[in-house]
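To find a chain, count down the sequence lines: A is the first, B the second, and so on, and within it residues start at 1.
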Number of protein chains: 2
Amino acid sequence: MENGHPPGASTDGDEGTSPPTVLSGTGEIGEPVRTAQGATYTRTMTPEPTPRPRLVDVAREAGVSVATASRALGKGSELIRADTRDHVRQVARRLGYRVNPVARSLRLSTTGHIGMVVPSIGNPFFMELVAQVEHCLAERGLNLLLADARMSVAHEDHLLRSLESGAVDGLVVAPCHETYSTPALERAAAHVPTVQLDRGVQLDVPMVGVDDPHGIRTLLDHLAERGVERIALLSNTGSNVSSVTRVRAARAVAEELGMRLDPDDIIECSFSVDEAGAAVNRVLDRSGAVPDAFLCLNDLLAIGAITALRGRGIAVPERVQVTGFDDIQFAALMRPTITTLHQPLDAIADRGVSILMGDDDSTGRIHIEGTLVERESTRRRPGAVGE
Amino acid sequence: MENGHPPGASTDGDEGTSPPTVLSGTGEIGEPVRTAQGATYTRTMTPEPTPRPRLVDVAREAGVSVATASRALGKGSELIRADTRDHVRQVARRLGYRVNPVARSLRLSTTGHIGMVVPSIGNPFFMELVAQVEHCLAERGLNLLLADARMSVAHEDHLLRSLESGAVDGLVVAPCHETYSTPALERAAAHVPTVQLDRGVQLDVPMVGVDDPHGIRTLLDHLAERGVERIALLSNTGSNVSSVTRVRAARAVAEELGMRLDPDDIIECSFSVDEAGAAVNRVLDRSGAVPDAFLCLNDLLAIGAITALRGRGIAVPERVQVTGFDDIQFAALMRPTITTLHQPLDAIADRGVSILMGDDDSTGRIHIEGTLVERESTRRRPGAVGE
DNA sequence: TTGTATGCGTTATCAC
DNA sequence: GTGATAACGCATACAA
């Protein structure tokens, strides 16, 4: 019954409707389509998962072309008549249109994402660095794609490889290792704009971090003013450039200041607070003479040192003074609070992101000076008011 | 010399160079093209920005169609002959081909990114939560797009709006505010799969967090065992559900245990450690009678409380005991170390991500029990060995 | 000022 | 098994 047409009539009837209806073959050209549509639209009780409107839907609804619609919503807005623009915008709002960021990215070949890879996201210092970078990016309307290398060069390589292949517009990296991270970083930097933060491998990739020698000098000056004549140095294992630089600076400045820093009193220990404590105990057990101060290369080590010292009944800062480095949040929470060198992470992050975005055409290595934060783990200045 | 062709020959010679080869038309079919190519390749001194190879380049080089190339590199690999597959792969490797993730995302309408929004990235607790989520995602090959709401519901709304529009496959949110975050969260959840972590607004969006009543009960039991008869409670301002739930549980359990918890001894203060200290001082100044213990609703508050107490010469835990909640890193670093309720953030994150990915079809609110960590801020159990 | 048409790089659906 | 081709959703060069 439905197909009760003379066979001959259907011959060219399908030509016009080819795409949607294919070979409906019937004589009632538009009939089946409209009916079908109407039926679907009206009677279906399904939650009607309203397919997300595309630009073309907005354009059609507004009675303009996609080009005009695009211009109305995007940046060509000054090229079109104000009323068309407003009309399109209104239609877009009514339809709940949102541009598809992925399609936009493909077209523009820019994602608005910045990747960041840190050695260990569990380390308070890097957490704070991440927070600062996130803020800088947010200010510029960029998103942060965060990845944790988990202290593994292999994993870092893997992450960078994934990120460098087009997922991000730029890369912020705090390399795991001074030398082993180099190949991955070089490859990554060859693919996408990259900047190194906090530490950097020897590569022609911009890097911005704190001024380590300046920081060490500041701390040692501070200690010298407080009567310290002999120090021990607590460094972390794993050769990252910062450590090496800081140790070297400490040796030089100590000598310059006439302070005693025995090679045996330069101790390497892992990041863990406990191990720092163990290292301190080793120093104390070894030599009868206790150093006047422990210069710790980061705040976590300082915490470990202070805890160990107090555990042995050695008063901090009265008998032995302790300094940290970085000024992580907890440095102000410990008792005693820790005298340390504040890293201007906001400035470091900002500078790094600026370079990445091309707002700042600096190149090479940039070192920003930190500032001393005097707290309770060192004594008050002799002769200071109230002492 | 090089151009030693009869003038007539050159007429259509340039025509052929228009695209790459097309209709070279001349007798010397490939000649001009090859020369031009060779010249460019050999003589140009520019850094040769080698346009990144696309799939079509690999296909052409391998002598197959893009379809085949795609299958060889992607998942259709079992449908094609092994040797073609290997050949294509080899060519791809030689050319340094990497699929364009954006194009892939557009085609597949899936990004491989998961967005995460936290109230404050500077808060150690959320930092640790972020770290756990990152790990769970990394295990599944997903990327983390991290955003900080900076304690602002408006900002949170903005971030969610941006993320929900197609940039991510799923959303992990720790809402800023118990009620004000609701609209934004509801909208977001309507656009993309969403799960709430740690806290949740009243909405039909799955949420997974610690079991607050259980945690509070555990802590109060611990305190009761240690002779505590009167407690004060330090809560944080800003109504998030957790706080309210914990306070309610504390009242109920305290009564049940016969502990005294005066309404005046339930103090709200901001997250800051300093303010916690101030709050403690207020309590102590007000009433002559000092509570036996401070039940703090998070570790930061506990740190503030301990510092304030010790600052007034009140021994912790001898005279007053203190408990925290969360077990952030610093809880084990403070002196005294803090007895607290450990939140199983790894399990919470894992469960949340599982739900998000559809591996776990749980719905509603899921509460995972934490575990007590006994440290120095509470006394040793009376009658315990060695006491 | 607006519209038409093309391409961004993939994957999947058909034919062959 | 493999190849042509249509989307995916958008922005712009070029035409009108």
Side-chain angles (χ1 to χ4, degrees), chain A residues 18-20 22-23 50-89 91-92 95-112 164-167 169 191, chain B residues 18-20 50-89 91-92 95-112 164-167 169 191:
Chain A
S18 52
V22 191
L23 302 176
T50 312
R52 175 177 176 166
R54 302 152 299 165
L55 189 55
V56 60
D57 298 316
V58 175
R60 188 185 309 123
E61 184 75 12
V64 299
S65 72
V66 284
T68 302
S70 175
R71 285 187 277 247
L73 271 20
K75 62 174 179 176
S77 60
E78 60 285 346
L79 301 177
I80 70 178
R81 254 173 40 210
D83 54 347
T84 6
R85 167 168 54 71
D86 295 341
H87 175 230
V88 171
R89 287 187 177 172
V91 170
L95 263 42
Y97 170 77
R98 323 269 273 258
V99 338
N100 180 323
V102 177
R104 184 200 200 89
S105 291
L106 180 59
R107 179 64 232 259
L108 264 27
S109 58
T110 171
T111 60
E164 79 201 19
S165 300
D169 294 340
H191 285 281
Chain B
S18 49
T50 314
R52 175 178 177 166
R54 302 152 299 165
L55 188 55
V56 59
D57 298 317
V58 175
R60 188 186 307 125
E61 185 75 12
V64 300
S65 73
V66 284
T68 302
S70 176
R71 284 187 278 248
L73 271 21
K75 61 172 182 178
S77 59
E78 62 284 347
L79 300 176
I80 69 179
R81 256 174 38 212
D83 54 346
T84 14
R85 167 168 55 71
D86 295 341
H87 176 227
V88 172
R89 287 186 176 173
V91 171
L95 263 41
Y97 170 79
R98 323 270 270 261
V99 345
N100 180 323
V102 178
R104 184 201 202 90
S105 292
L106 180 59
R107 181 62 233 256
L108 265 26
S109 58
T110 172
T111 61
E164 80 201 17
S165 301
D169 294 340
H191 285 280

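- Between A/Arg81 and C/dT2 there is a side-chain N or O to OP1 or OP2 distance below 4.0 Å.
- Nearest to the side chain of B/Ala103, among D/dT12, D/dG9, C/dG9, sits C/dG9.
- The CZ-P distance, from A/Arg85 to C/dT2, rounds to 11 Å in whole Å.
- Put simply, CG on B/Leu79 is 11 Å from C1' on D/dT2, counting in whole angstrom units.
- Here the side chain of A/Arg54 is nearest to one of D/dC8, D/dT12, D/dA4, namely D/dC8.
- Under 4.0 angstrom from either OP1 or OP2 of D/dT2 there lies at least one side-chain N or O belonging to B/Thr84.
- Backbone-only contact: A/Val99 has heavy atoms under 4.0 Å from sugar-phosphate atoms and none from a base.
- For the pair A/Leu55 CG and C/dA5 P, the computed distance is 17 Å after rounding to whole Å.
- When the nucleotides D/dT12, D/dG9, C/dC8 are ranked by their closest atom to the side chain of B/Leu106, D/dG9 comes out on top.
- Two residues are said to be in side-chain contact when any heavy atoms from C-beta on lie closer than 4.5 Å; A/Arg52 and B/His191 fail this criterion.
- When rounded to the nearest whole Å, the span between CD of A/Glu78 and P of C/dT1 equals 10 Å.
- Rounding to whole angstrom units, CZ of residue B/Arg60 and C1' of D/dA4 are separated by 16 Å.
- In this entry the distance linking CG of A/Asp57 with C1' of D/dG9 reads 10 Å, nearest Å.
- Under 4.0 angstrom from either OP1 or OP2 of C/dT2 there lies no side-chain N or O belonging to A/Thr68.
- One distance of note links OG1 of B/Thr68 with NE2 of B/His87; it measures 12.0 Å at 0.5 Å rounding.
- Across D/dG3, D/dT12, D/dT5, the shortest atom-to-atom separation from the side chain of B/Val66 is found for D/dT5.
- In this structure, B/Arg98 reaches the sugar-phosphate backbone alone: every heavy-atom distance under 4.0 Å involves primed, P, OP1 or OP2 atoms, never a base.
- Residue A/Ser109 places no side-chain N or O under 4.0 Å from the OP1 or OP2 atom of C/dC8.
- Note that CZ of B/Arg81 and CZ of B/Arg71 are 13.0 Å apart. Values are rounded to the nearest 0.5 Å.
- One can find a donor-acceptor pair under 3.5 Å joining the base of C/dG3 and the side-chain atoms of A/Arg71.
- Distance, A/Leu73 CG to D/dT12 P: 13 Å, rounded to whole Å.
- In this entry the distance linking CG of B/Asn100 with P of D/dC8 reads 18 Å, nearest Å.
- In this structure, B/Ser77 and B/Arg89 have side chains that are in contact, with non-hydrogen atoms separated by less than 4.5 Å.
- Of the two residues near DNA chain D, B/Gly63 and A/Val56, the one whose nearest nucleotide lies more 5' is B/Gly63.
- Taking 4.5 Å as the limit, some side-chain heavy atom of B/Val64 sits within range of a side-chain heavy atom of B/Val88.
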